[in-house]
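I have placed the structure first, in the form of structure tokens, so that the comments after it can refer back to it.
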Amino acid sequence: MYAFEESDAIDATLDAVWQTVSDVPSWATWDPHVLQCGFDGPFEPGSGGWTISRLVSRQRGYFKLVKVEDKRSYTTESPMPGGKMLIINAYREAGPDRVEVSRRVEVYGPFTPVFRLFWAKAFQGDTRSTFEALGQEARRRTAEAGSAR
């Protein structure tokens with residue numbers, strides 16, 4: 001197994017962050033590494049989707065939700081040759097309008113050395129830009145909801 005984890009704090013409300021990350025069809029509109037995506041079903045374990053990433057081969061990568069804790073975390077599982085990749089995303093309030101975000105990536109199976117050699121560094125480095133974009137989108141959604149009142 002190979003794993004890495006990144007974390008940061010972003011300026012946003014936990015509700016807005018959760019609304020943003022659980023709206024999978026919108027990921028391609030705000031996440032800088034997602035070119036396209038699709039999702040079937042509610043945001044709960046067993047539902048699945050796909051993404052086309054700027055970082056990894058630009059082909060569809062499939063995933064399913066394997067764990068969801070409302071407004072706390074979600075875990076996706078993606079098949080890899082002879083193994084799998086888990087991405088564990090977690091969120092917790094870190095103060096007024098501040099959320100600590102973290103992402104842990106775990107890669108299992110014989111494809112692990114290939115992933116580590118070709119994509120791990122870029123994938124890990126891109127995580128912080130995803131956190132930043134998540135904060136921007138969550139704040140945009142909050143402002144939009146406020147102006148609709």
Side-chain angles (χ1 to χ4, degrees), residues 1-95 97-141:
M1 185 212 21
Y2 170 73
F4 63 84
E5 186 168 352
E6 291 288 331
S7 63
D8 204 351
I10 59 175
D11 294 323
T13 66
L14 183 58
D15 285 341
V17 166
W18 189 256
Q19 176 192 29
T20 302
V21 299
S22 63
D23 180 9
V24 179
S26 78
W27 288 357
T29 66
W30 62 266
D31 190 323
H33 86 270
V34 177
L35 288 169
Q36 295 177 13
C37 61
F39 190 72
D40 294 318
F43 195 76
E44 63 185 36
S47 294
W50 57 270
T51 61
I52 297 177
S53 171
R54 284 181 168 80
L55 298 174
V56 182
S57 76
R58 296 186 185 236
Q59 294 188 16
R60 282 188 183 193
Y62 293 90
F63 69 90
K64 67 178 176 178
L65 289 169
V66 293
K67 185 176 183 182
V68 176
E69 294 181 69
D70 192 47
K71 295 183 185 175
R72 294 187 62 203
S73 68
Y74 73 94
T75 301
T76 63
E77 181 179 303
S78 300
M80 300 191 91
K84 64 183 178 183
M85 177 171 59
L86 296 177
I87 301 177
I88 302 109
N89 298 278
Y91 312 94
R92 72 171 186 83
E93 287 185 320
D97 295 338
R98 193 113 170 110
V99 177
E100 183 178 309
V101 295
S102 67
R103 175 174 286 169
R104 178 175 172 81
V105 176
E106 299 175 358
V107 182
Y108 299 86
F111 192 73
T112 301
V114 176
F115 176 85
R116 190 171 184 177
L117 180 65
F118 291 103
W119 295 291
K121 186 175 180 180
F123 200 94
Q124 185 172 8
D126 189 58
T127 299
R128 291 201 182 266
S129 64
T130 294
F131 292 162
E132 188 176 307
L134 171 58
Q136 289 174 354
E137 177 63 9
R139 291 188 302 274
R140 184 196 68 76
R141 289 176 183 230

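Keep in mind that the numbers below use all heavy atoms, side chains included, and drop hydrogens, waters and symmetry copies. Predicted, not measured: the structure shown is a model, and the values here were computed from it.
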Query raised in the report: Ignoring hydrogens and geometry, is there a side-chain-to-backbone donor-acceptor pair from S26 to T29 under 3.5 Å?
Result: no
Query raised in the report: In terms of side-chain heavy atoms, does D31 have a donor or acceptor partner in T130 at a distance below 3.5 Å?
Result: yes
Query raised in the report: Would you call W119 and V114 a side-chain contact if the rule is heavy atoms closer than 4.5 Å?
Result: yes
Query raised in the report: Under 4.5 Å between any side-chain heavy atoms of T75 and L65, yes or no?
Result: no
Query raised in the report: D11 versus D97: any side-chain heavy-atom pair under 4.5 Å?
Result: no
Requested in this report: Output the distance between atom CD1 (I88) and atom CD (E5), rounded to the nearest 0.5 Å.
Outcome: 8.0 Å
Query raised in the report: Mind checking whether M85 and V105 have side chains closer than 4.5 Å, heavy atoms only?
Result: yes
Query raised in the report: Quick check: are there more than 12 heavy atoms from other residues, nucleotides or ligands sitting under 6.0 Å from CG of D40?
Result: no
Query raised in the report: Between Y74 and Y91, how do the two ring planes meet: parallel, tilted or perpendicular, split at 30° and 60°?
Result: parallel
Query raised in the report: Going by heavy atoms in the side chains, are R54 and V34 under 4.5 Å from each other?
Result: no
Query raised in the report: Does any non-hydrogen side-chain atom of Y2 lie less than 4.5 Å from one of F111?
Result: no
Query raised in the report: Cut-off 3.5 Å, side chains only: do R128 and S7 have a donor facing an acceptor?
Result: no
Report summary line: Closest heavy-atom pair, S47 versus P42, reported as atoms and distance to 0.1 Å, is OG-O, 2.6 Å
**Report entry** Heavy-atom pair with the smallest gap, counting every atom of I87 and F123
**Finding:** CD1-CZ, 3.9 Å
Requested in this report: Answer yes or no: is there a side-chain heavy-atom contact under 4.5 Å between Q36 and W50?
Outcome: yes
Query raised in the report: Would one find more than 12 heavy atoms of other residues, nucleotides or ligands at under 6.0 Å from atom CZ of R72?
Result: no
Report task. Indicate, with yes or no, if the rings of W27 and F63 have centres closer together than 6.0 Å. Result -> yes
Query - Test salt bridge (charged side-chain N to carboxylate O under 4.0 Å, His left out) applied to R139 - qualifying residues, sequence neighbours left out - result: none
Query raised in the report: Do D23 and R141 have side-chain heavy atoms sitting under 4.5 Å apart?
Result: yes
